[in-house]
S.K.: 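This is the structure, below, for whatever I ask next.
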Amino acid sequence: MTYRGAVWRTGLAVSMMAVTAAAIPAVTATASGPASGTTATAAPAWCPAVEGHRVDCDQLQRPLVAGKPQLGGVKVSYAVVRHSAPGPAKGTVAVNPGGPGETAIDKAAEFAGGLASLLGDHDLLLVDPRGTGSSQSLPCGVTDAEYRLGTRAQQRAAVERCARNLGPRAAGYTSAATADDIDAIRAHLGVRRLSLYGLSYGTYLMPVYAARHPEHVRNIVLSGAYPLGADPLARPSAQAVSLTLRRVCERGTPAACDGRQAVDDLATTAARLRERPLTVPITTGHGVHQMKFTEDKLANLLFEAASSGVGHEPQKSSLLGELPRALRHFVKGDTAPLRTLVQQEKETVSTVDQAPYIAVVCNDYRRAWSKDAPPAERWRQYRAALASVRPGEHGAFSAKGFTEGTTDGGDVCIGWPRENTPDPQPTKPALPDVPVLVLSGDLDSNTPDANGKKAAEQFRDARFLSVRNTGHVPELEQSGCVTGVSSRFIATGNTGDTGCLRALPPIAVTPVRG
């Protein structure tokens, strides 16, 4: 699955920055109505500028919870980056960069750069999901820093507090609601069909859209993907951690590290932290937080943080490339290298409210218990699920340790109330028979190849491609290979030559000595 939210999940604010220019000069942007012939009004302050393109921005008033007008509405913001060639657009590409809770509008220039070959004759639709970015805020009082740095018990308590603070409004945060918002904007703009492009959590959202609005889907690209029925105990990710360590050692400098040793060191480190957690000081904008670094925090570091940005700048030091050395030192009694990696990663925390993340994952995702069960029965069902796990199914980790490392899985939502909670998203809805391309980085433990293949199997006409030496999401690589393949697919229905996906260079690995 993908375990993200706000700015730190989904590949640390997943975008296509790697394939666009860093400086984007300001240009004129306008706010448009439903048709191109309407009179333009002054652009809102949040409307982005994209060089060489007109950008139309507006908001749409939407019901907060369908069928419950007493709960009020929510304003959903969108931006349309218009195609540059004369004549009408040949298509419109709707992009979601992940989360749940990630913003899209503020990444307009990056997406336009990554999809430049499409934007001659295609428009680009960017929607900030309800509660995020330029759309109306619906906070619940839990920050990214609190949620990310807290112990598992503190994370569960934060989820319950978020639910209490939202009350009946919690039902307004679902993938179905966001999908319906996108479709309402599509209709408002007079667009007949969309090409859907989902990254990370967007690979969950876009199939939900396709199931709810099949007649308005032209084709789909899913990158860093997982299926609607993903394993609630995250076993594919746990197994991919060991596979990824072996791959980076095999592909790097021959003397850099031994893959089998790295996996053994990981198992030893996990076992030690299970018994004796480290205390790691984390400096944030609010001072120093003494974080308890346990097996679950190690799991999160290995499968989520270490997958982010892999392949973006392969020649430079990265968390994944540093891990074999840090694990070896830890096993030998030197905790400093691992502490440093933890500090560097965790100091990216923010004060962003987590309502759009917590509520969506607790409302929508598949669980190891029944939503309708009382709390004691939920715990019984969850513990029974953990007890049924076979040895080795979580790789180098214990089943409990790894699942507690998933910030949108395991037991984190076990206290989410039955009241005001919609039914979970169906895991096997009817999906349209349209062309689908699924991409995965083969060094991604967050949404590994195994999950990407299952995501592709949801559709009749799908092609799965694994991108060598990249992580979560492969579009971050700088050559333009991946975005070239996906852009050709959207434009023509064919990927063309995909040989470059297998030719990307290996990442640098810090040598392990002694």
Side-chain angles (χ1 to χ4, degrees), residues 1-5 8-9 142 144-163 226 230-242 266-280 282 289-307 327 338 341-342 345-346 349 354 357-358 361-362 365-369 375-376 378-416 445-448 451:
M1 298 175 70
T2 88
Y3 310 105
R4 352 311 48 169
W8 61 281
R9 304 175 188 96
V142 176
D144 169 49
E146 175 190 1
Y147 195 67
R148 183 176 176 188
L149 298 178
T151 64
R152 190 57 165 190
Q154 290 169 338
Q155 288 176 340
R156 290 196 303 266
V159 165
E160 294 180 27
R161 187 173 82 251
C162 183
Y226 60 105
D231 179 10
L233 301 184
R235 281 165 282 203
S237 286
Q239 294 160 16
V241 168
S242 297
L266 173 59
T268 300
T269 302
R272 289 185 185 176
L273 291 174
R274 203 177 305 144
E275 301 298 326
R276 299 185 300 278
L278 290 177
T279 298
V280 181
I282 306 296
H289 177 95
Q290 300 296 328
M291 189 183 76
K292 189 177 181 182
F293 190 70
T294 51
E295 183 189 13
D296 60 298
K297 298 295 187 188
L298 176 70
N300 187 270
L301 186 77
L302 267 288
F303 89 89
E304 183 174 291
S307 293
L327 294 170
L338 184 58
L341 293 181
V342 173
E345 194 276 323
K346 297 302 182 185
V349 296
Q354 294 297 283
Y357 175 73
I358 292 172
V361 301
C362 290
Y365 284 7
R366 182 185 174 205
R367 299 293 166 208
W369 63 83
R378 288 184 179 188
W379 276 112
R380 189 199 68 76
Q381 292 172 359
Y382 176 65
R383 288 168 179 148
L386 284 183
S388 70
V389 172
R390 295 189 297 272
E393 283 193 305
H394 282 91
F397 297 89
S398 69
K400 181 176 183 294
F402 194 88
T403 56
E404 290 187 358
T406 62
T407 55
D408 64 356
D411 61 0
V412 76
C413 291
I414 207 162
W416 193 253
S445 300
N446 190 333
T447 54
N451 275 347

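Please read these numbers as outputs of a predicted model, since none were measured by experiment. Atoms considered below: every heavy atom in the structure, side chains included; atoms not considered: hydrogens, waters and symmetry mates.
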S.K.: Are the side chain of Ser307 and the backbone of Ser445 linked by a donor-acceptor contact shorter than 3.5 Å?
M.R.: yes
S.K.: Taking it one step at a time, do Leu149 and Ile282 satisfy side-chain contact (heavy atoms from CB on, under 4.5 Å)?
M.R.: CA-CA 9 Å; Leu149 298 178; Ile282 306 296; 4.3 Å; yes
S.K.: Do you know which two heavy atoms are closest between Val159 and Cys362, and how far apart they sit?
M.R.: CG1-SG, 3.8 Å
S.K.: Check Arg235 with Glu393, please: is the shortest side-chain N to carboxylate O separation under 4.0 Å?
M.R.: yes
S.K.: Roughly how far, to the nearest 0.5 Å, is the CZ atom of Arg272 from the CG atom of Leu278?
M.R.: 10.5 Å
S.K.: Can you name the side chain to side chain donor-acceptor pair (under 3.5 Å) partners of Arg383, sequence neighbours left out?
M.R.: none
S.K.: Kindly give the heavy-atom pair with the smallest separation between Ala158 and Tyr147, and that separation in Å.
M.R.: CB-CD1, 4.2 Å
S.K.: May I ask you to test the Pro375-Trp369 pair for a side-chain heavy-atom distance under 4.5 Å?
M.R.: no
S.K.: Looking at Gln155 and Arg148, what are the two nearest heavy atoms and their distance?
M.R.: NE2-O, 4.2 Å
S.K.: Is there a side-chain contact between Asp296 and Phe397 (heavy atoms, below 4.5 Å)?
M.R.: no
S.K.: Does the pair Arg152/Asp411 count as a salt bridge with the N-to-O cut at 4.0 Å?
M.R.: yes
S.K.: Can Lys400 and Glu404 be counted as an ion pair, charged N to O under 4.0 angstrom?
M.R.: yes
S.K.: Rounded to the nearest 0.5 Å, how far does CZ of Phe303 lie from OG1 of Thr406?
M.R.: 6.0 Å
S.K.: Can you find a heavy atom in the side chain of Thr279 that is under 4.5 Å from one in the side chain of Lys292?
M.R.: no
S.K.: Which value, rounded to the nearest 0.5 Å, describes the distance between Leu327 atom CG and Thr268 atom OG1?
M.R.: 9.5 Å
S.K.: Identify the two heavy atoms, one from Thr407 and one from Val412, that lie closest to each other, and give their separation to 0.1 Å.
M.R.: O-CG1, 3.7 Å
S.K.: What heavy-atom pair brings Arg367 and Val361 nearest, and what distance separates the two atoms?
M.R.: NH2-O, 2.6 Å
S.K.: Do Thr294 and Leu273 touch side chain to side chain, with heavy atoms closer than 4.5 Å?
M.R.: no
S.K.: With distance as the sole test, does Thr403 use its side chain to make a donor-acceptor pair with the main-chain N or O of Leu233 at under 3.5 Å?
M.R.: no
S.K.: Does the Ser237 side chain pair with the main chain of Ala234, one donor and one acceptor, at a distance under 3.5 Å?
M.R.: no
S.K.: Could you give the distance from CD (Glu345) to NZ (Lys297), rounded to the nearest 0.5 Å?
M.R.: 10.0 Å
S.K.: Tell me the closest heavy-atom pair linking Val342 and Met291, and the distance in Å.
M.R.: CG1-CE, 3.5 Å
S.K.: Ignoring hydrogens and geometry, is there a side-chain-to-backbone donor-acceptor pair from Asn451 to Tyr226 under 3.5 Å?
M.R.: no
S.K.: Test of understanding: with side chain to side chain donor-acceptor pair (under 3.5 Å), list the residues that count as partners of Arg274, not counting sequence neighbours.
M.R.: Glu295
S.K.: Quick one: sort the Phe402 and His394 rings into parallel, tilted or perpendicular, breaks at 30° and 60°.
M.R.: tilted
